[in-house]
Amino acid sequence: MSFPLLTATAALPAVGAIATAAVPAARRSAAKWLALLVSLATLALAVTVLVRFDPDGDRYQLTESRAWIADFGVRYELGVDGIGVALIGLTALLIPFIILAGWHDADPLETKSSRWRPTQGFFALILAVEAMVIISFEATDVFLFYIFFEAMLIPMYFLIGGFGDRAHAGSDENASAQRSYAAVKFLLYNLVGGLIMLAAVIGLYVVAGNFSLQEIAEARANGTLDMATSTERWLFLGFFFAFAVKAPLWPLHTWLPNAMGESTAPVAVLITAVVDKVGTFAMLRFCLGLFPGASKWATPVIVVLALISIIYGALLAVGQRDMKRLVAYASISHFGFIVLGIFAMTSQGQSGATLYMVNHGISTAALMLVAGFLISRRGSRLIADYGGVQKVAPVLAGTFLIGGLATLSLPGLAPFVSEFLVLVGAFARYPVAGIVATLGIVLAALYTLVLYQRTMTGPVKPEVSAMPDLRVRELLVVAPLIALLIGLGVYPKPLTELVNPAVKHTMSDVQQKDPEPEVEAAK
């Protein structure tokens, strides 16, 4: 029996989470180092998965299959395609940076009104989320996917509600109330989506007789599974609703600004750069793979929702006074681009959407973590409380600028390639949608450059005059992310070669071909 590499990649952070939580309370530093080492070991396993994966080989590779709940047709089935491998790599890459960036975020507070903050629990919860996200990218059994899709809500709830942002305006009681509200809102929105999906999962089993993604796809292909059109559409809506909440897509997005605003910067990155990617990934794997006809039927409405997300998120980002909420609304706009690329039903759009998931994760991590370092120095999330930072902390300001330029998809940085492919794919099938989506680029330039101008340029405010520049630990977090943004912006070929074959399979699932270019005959 071959080594279960996919299981090991998900199990290692799960075991690490248990071990980290078990570290004695007096050994907080040991818990931090243990969590960091586990995350690095998980990254090594993810790299091994990447090396062993053959983009031109079978659709699902490194597969594992074991009987689990035989009476209900549930199996422990894992397998990865190029899209899953790319997102596993993103997750494993970001977690060490998240842990390093949050090194002191769960240290006990020295205030008389503070409550106990278990450092070990903070890092254990991060590793638990990593384990659940990775296995979600690997699961090819629908029921197995559903379990971890929902289970990751529990550690995220405690990370948001129990380890909130310390730079909160107002009293400690008000800050605690805001954190609790954000955590409960996050949980309720996602639970409602998950319960609707559960009904659809049960309905799928009634129709198909099993939960295996590959078996259901094969049955559809050879005609042994005859799913009524109305049934397929209802099941699709059940799955899509849950994924649209997680993504998040307008109008199911309102939990995200609260959750990111009240979280520490590393947890905010965990939400939008890691956890939310499960929603858009699942649209590709499950919505398009299981319900191709319904996916095409719903495409016009979903494209409209994606466009609203793009413009709405960008407009609200322009008007934000809170730095972290600005990044949250910008992310809503970016997720609109991802959903637009997926449902443009073109190979360029879906390749761009997959690259966008990876590149958005890196760029948002860079911008949000640097913003977190800035906020920790000043003790405020309000943009108006800053000014002239580039004169006293030039390295911090420079990395903040690069992260911001990546957010607006500047050519030469990784997100540009993704956004360009999404727009090309959208123009090919829905020209009007492509034109509307380009407005999001203009608005992104506006909110990013205004944010930089108001915080980093101008006269030095007295409150920031003694602000220190980035420290060694902070540079170790930011420098690799900046290098990746530049490297993948200049040379994206490794990522495109990884995901393009998987995109071809997805296009085949929905029986779509790229539109032929309209070329006028030469006179």
Side-chain angles (χ1 to χ4, degrees), residues 101-102 105 159-161 163-186 189 248 250 253-273 276 309 311-335 360 363-389 393 396-397 399-401 403-404 407-408 440 443-458 461 463-464 467:
D105 284 357
L159 283 170
I160 297 168
F163 300 91
D165 188 6
R166 298 179 182 183
H168 195 291
S171 65
D172 288 346
E173 291 77 10
N174 181 57
S176 179
Q178 291 294 326
R179 285 197 299 270
S180 297
Y181 172 79
V184 170
K185 189 174 184 179
F186 162 83
Y189 267 67
W250 185 92
H253 67 283
T254 59
W255 62 267
L256 183 66
N258 297 100
M260 289 184 65
E262 299 305 323
S263 300
T264 64
V267 173
V269 171
L270 188 64
I271 295 169
T272 190
D276 287 353
S309 289
I311 304 303
Y312 173 86
L315 284 173
L316 265 66
V318 171
Q320 285 304 305
R321 297 181 297 172
D322 184 312
M323 201 179 304
K324 290 168 70 177
R325 290 177 70 91
L326 185 151
V327 178
Y329 281 110
S331 291
I332 291 169
S333 181
H334 295 149
F335 275 104
H360 170 263
S363 62
T364 299
L367 180 61
M368 179 59 86
L369 293 179
V370 176
F373 298 148
L374 181 66
I375 291 167
S376 67
R377 286 158 165 75
R378 174 68 176 83
S380 173
R381 303 183 335 222
L382 298 179
I383 297 171
D385 289 341
Y386 296 87
V389 174
L396 188 154
T399 53
F400 189 84
L401 177 61
T407 298
L408 65 83
L443 293 172
L446 179 61
Y447 62 68
T448 300
L449 296 177
V450 168
L451 172 65
Y452 183 83
Q453 179 191 32
R454 292 178 178 175
T455 56
M456 301 296 165
T457 65
K461 291 200 171 184
E463 294 84 358
V464 304
M467 180 177 290

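Please read all numbers here as calculations on a predicted model, not as lab measurements.
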Using side-chain contact (heavy atoms from CB on, under 4.5 Å) as the criterion, list what pairs up with [X], not counting sequence neighbours.
X	value
Thr364	Thr272, Val327, Ser331, His360
Glu463	Arg378, Lys461
Ala371	Met323, Phe400
Arg454	Ile383, Val450

[X] to [Y] - nearest heavy-atom pair and separation:
X	Y	value
Pro266	Ala101	CG-C, 3.8 Å
Val269	Ala365	CG1-CB, 3.7 Å
Ala265	Gly372	CB-CA, 3.6 Å

Heavy-atom count around Tyr181 OH within 6.0 Å, excluding the residue itself: above 12?
->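 It does not: Tyr181 OH has 12 such atoms or fewer within range.
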List for me each residue that meets side chain to side chain donor-acceptor pair (under 3.5 Å) alongside [X], sequence neighbours excluded, and say none if there are none.
X	result
Lys185	Asn258
Arg377	Glu474
Thr254	Tyr189

State, with a plain yes or no, whether a side-chain heavy atom of [X] is found less than 4.5 Å away from one of [Y].
X	Y	answer
Lys324	Met368	yes
Asp276	Pro248	yes
Pro257	Ile332	yes
Leu396	Met456	yes
Tyr386	Met467	yes

Once you round to the nearest 0.5 Å, how far does [atom1] of [X] lie from [atom2] of [Y]?
X	Y	atom1	atom2	answer
Ile311	Leu316	CD1	CG	12.0 Å
Trp255	Ile271	CH2	CD1	6.5 Å
Leu367	Leu408	CG	CG	10.0 Å
Met260	Leu326	CE	CG	10.0 Å
Ser263	Leu270	OG	CG	9.0 Å
Arg381	Ile375	CZ	CD1	7.0 Å

Listed by chain and number, what are the ring-ring contact (aromatic ring centres under 6.0 Å, His included) partners of Tyr447, not counting sequence neighbours?
->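 By the ring-ring contact (aromatic ring centres under 6.0 Å, His included) rule, Tyr447 matches no residue at all.
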Using the test salt bridge (Lys or Arg N to Asp or Glu O under 4.0 Å), find all partners of Asp385 that sit at least two apart in sequence or belong to another chain.
->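 Asp385 satisfies salt bridge (Lys or Arg N to Asp or Glu O under 4.0 Å) with no other residue.
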Does the ring center of His253 lie less than 6.0 Å from the ring center of Tyr312?
->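 Between His253 and Tyr312, the centre distance is under 6.0 Å.
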Between the side chain of Ser309 and the main-chain N/O of Trp250, is any donor-acceptor distance below 3.5 Å?
->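 Confirmed, Ser309 side chain pairs with Trp250 backbone.
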